[in-house]
Amino acid sequence: MPEGALQRAVELLHRLGEEPVQRTVAELAGDAGMPTSTAYRLLAELEAHGLVARGPDRTLALGTRLVALGRAAEAGLHERLVAPAVALMEELSHEVGETVILTAPCGLEAIVLHAVETERHSVRLSYPRFRRAPMHRGASGKVLAAHLERAELARLVAAAGRSGLLDELEQIRANGFAFTAGELDAGAAAVAAPVLDRRGRILAGLSIAGPEPRVVADVPGTAGAVVRAAERIQRAQTG
């Protein structure tokens with residue numbers, strides 16, 4: 001499949017995965033901004049590989065082969081990213097008294113891989129596993145965005161349509177951490193640091209999140225704690 005066609009096919013899969021309802025070819029084509037004939041041809045090819053399933057009413061849904069691929073991906077993520085981080089995340093949550101979150105890039109979104117909730121406060125933030133959010137909003141997403149490869153960064157900035165976003169992400173990269181308040185969830189604030197591989201590419205983001213008044217009270221201290229923990233996780237993963 002040519003590169004342009006592959007990108008369009010991935011976009012169609014993404015559209016199918018956005019909602020648990022079956023969609024028609026015309027609906028998917030319209031959402032993805034491509035001709036219906038193009039969508040029909042790509043979806044037929046995806047169906048042939050078990051990545052898309054066609055219902056009796058000719059609507060489409062994600063195929064069962066993606067279940068197996070998803071389980072393999074989940075197991076790989078756990079071994080590669082989550083397992084080396086769990087104990088350090090628990091230690092960090094105990095230290096700062098807030099929820100600690102591990103996220104990873106998922107297209108132009110950030111996806112939660114693991115979260116450790118604090119036991120110090122009855123009022124605390126809770127993040128379900130595999131929750132997705134736009135990468136250009138919130139500290140947990142922006143710290144990932146700041147370390148994207150140039151082409152992906154350009155795609156994100158174009159999709160977000162926000163003036164000043166590129167400058168903000170460059171500043172986050174220079175600072176070594178991201179801080180946002182009330183940007184993704186009302187009343188919540190977070191400080192996040194990157195977890196990089198040996199070549200300096202983004203693997204994951206580590207965030208401390210909590211009610212805005214508690215986090216805002218000591219951003220420098222929280223930033224120092226999350227940066228140190230992210231560096232320890234990075235060393236554990238890169239060996």
Side-chain angles (χ1 to χ4, degrees), residues 77-78 80-106 108-118 120 124-127 129 131-149 152-153 156 165-185 188-212 214-239:
L77 284 170
H78 186 273
R80 187 172 72 255
L81 295 178
V82 178
V86 170
L88 293 170
M89 291 175 67
E90 292 172 348
E91 181 180 323
L92 178 62
S93 180
H94 181 75
E95 175 189 347
V96 300
E98 300 294 354
T99 297
V100 175
I101 312 154
L102 188 72
T103 56
C106 179
L108 299 183
E109 296 178 316
I111 187 169
V112 174
L113 299 182
H114 188 68
V116 176
E117 295 183 19
T118 180
R120 189 182 304 178
R124 55 184 181 263
L125 297 189
S126 179
Y127 290 88
R129 194 165 58 129
R131 178 197 181 188
R132 297 183 301 172
M135 203 184 292
H136 63 278
R137 294 178 56 200
S140 59
K142 284 182 172 177
V143 80
L144 302 175
H147 293 80
L148 288 176
E149 298 292 332
E152 282 296 288
L153 181 57
L156 175 66
L165 177 60
L166 185 59
D167 290 340
E168 182 182 0
L169 296 178
E170 288 177 350
Q171 188 61 56
I172 288 171
R173 184 164 185 150
N175 292 342
F177 69 91
F179 163 71
T180 60
E183 193 171 285
L184 188 58
D185 297 300
V191 184
V195 177
L196 307 175
D197 67 12
R198 292 177 180 176
R199 296 174 58 186
R201 298 174 301 185
I202 191 70
L203 284 174
L206 185 69
S207 308
I208 295 172
E212 190 171 331
R214 294 206 304 252
V215 176
V216 170
D218 186 17
V219 173
T222 304
V226 76
V227 167
R228 289 191 297 272
E231 290 174 345
R232 291 177 65 192
I233 292 172
Q234 188 170 304
R235 290 194 295 271
Q237 290 177 336
T238 58

**Q.** Flag, side chain of Thr180 to backbone of Ala139, donor-acceptor distance under 3.5 Å
**A.** yes
Q) Where do Ala223 and Val191 come nearest, in terms of heavy atoms and distance? A) CA-CG1, 3.6 Å
Q. What are the two closest heavy atoms between Leu156 and Ala145, and how far apart are they?
A. CD2-CB, 3.3 Å
Only distances under 3.5 Å count here; give the side-chain donor-acceptor pairs of residues 167-174 to other protein atoms, sequence neighbours excluded, each with its distance to 0.1 Å.
unit_1, atom_1, unit_2, atom_2, d
Glu168, OE1, Lys142, NZ, 3.2
Glu168, OE2, Lys142, NZ, 2.5
Gln171, NE2, Asn175, OD1, 2.9
Arg173, NH1, Ala146, O, 3.3

Q.
Going by side chain to side chain donor-acceptor pair (under 3.5 Å), name the residues that satisfy it together with Arg232, two or more places apart in sequence or in a different chain.
A. Glu91
Q) Are Ile101 and Ser140 side-chain neighbours, meaning at least one heavy-atom pair lies under 4.5 Å? A) no
Q) Just how far is it from atom CG of Leu203 to atom CG of Leu196, taken to the nearest 0.5 Å? A) 7.0 Å
**Q.** Under 3.5 Å: donor-acceptor pair, side chain of Gln234, backbone of Val195
**A.** no
Q: Could you tell me whether the side chain of Leu166 reaches within less than 4.5 Å of the side chain of Leu153, counting heavy atoms only?
A: yes
Q | Nearest-0.5 Å distance that lies between atom CG in Leu92 and atom CD1 in Ile233 | A | 7.5 Å
Q: Side-chain contact test, heavy atoms from C-beta onward, threshold under 4.5 Å: evaluate it for Leu148 versus Met135 and give yes or no.
A: yes
Q.
Closer than 3.5 angstrom, by distance alone: can the side chain of Ser93 be matched with the main-chain N or O of Met89 as a donor-acceptor pair?
A. no
**Q.** Residues which pass salt bridge (Lys or Arg N to Asp or Glu O under 4.0 Å) with Glu90, listed by chain and number, not counting sequence neighbours
**A.** none
Q | Side-chain heavy atoms of Glu149 within contact of Ile202, under 4.5 Å | A | no
Q. Do you know the tightest heavy-atom contact between Ala229 and Leu206?
A. CB-CD2, 3.6 Å
Q: Test Glu109 against every option in Arg131, Arg132, His136 by the side chain to side chain donor-acceptor pair (under 3.5 Å) rule and name the one that passes.
A: Arg132
(Q) Between Arg120 and His94 (side chain of the first, backbone of the second, donor and acceptor by atom type, cut-off under 3.5 Å), is there such a pair? (A) yes
Q: Measure across Tyr127 and Ala115 and return the closest heavy-atom pair with its distance rounded to 0.1 Å.
A: O-CB, 3.8 Å
Q.
Give me the atom names and distance for the closest heavy-atom approach of Pro194 to Gly176.
A. CD-O, 3.4 Å
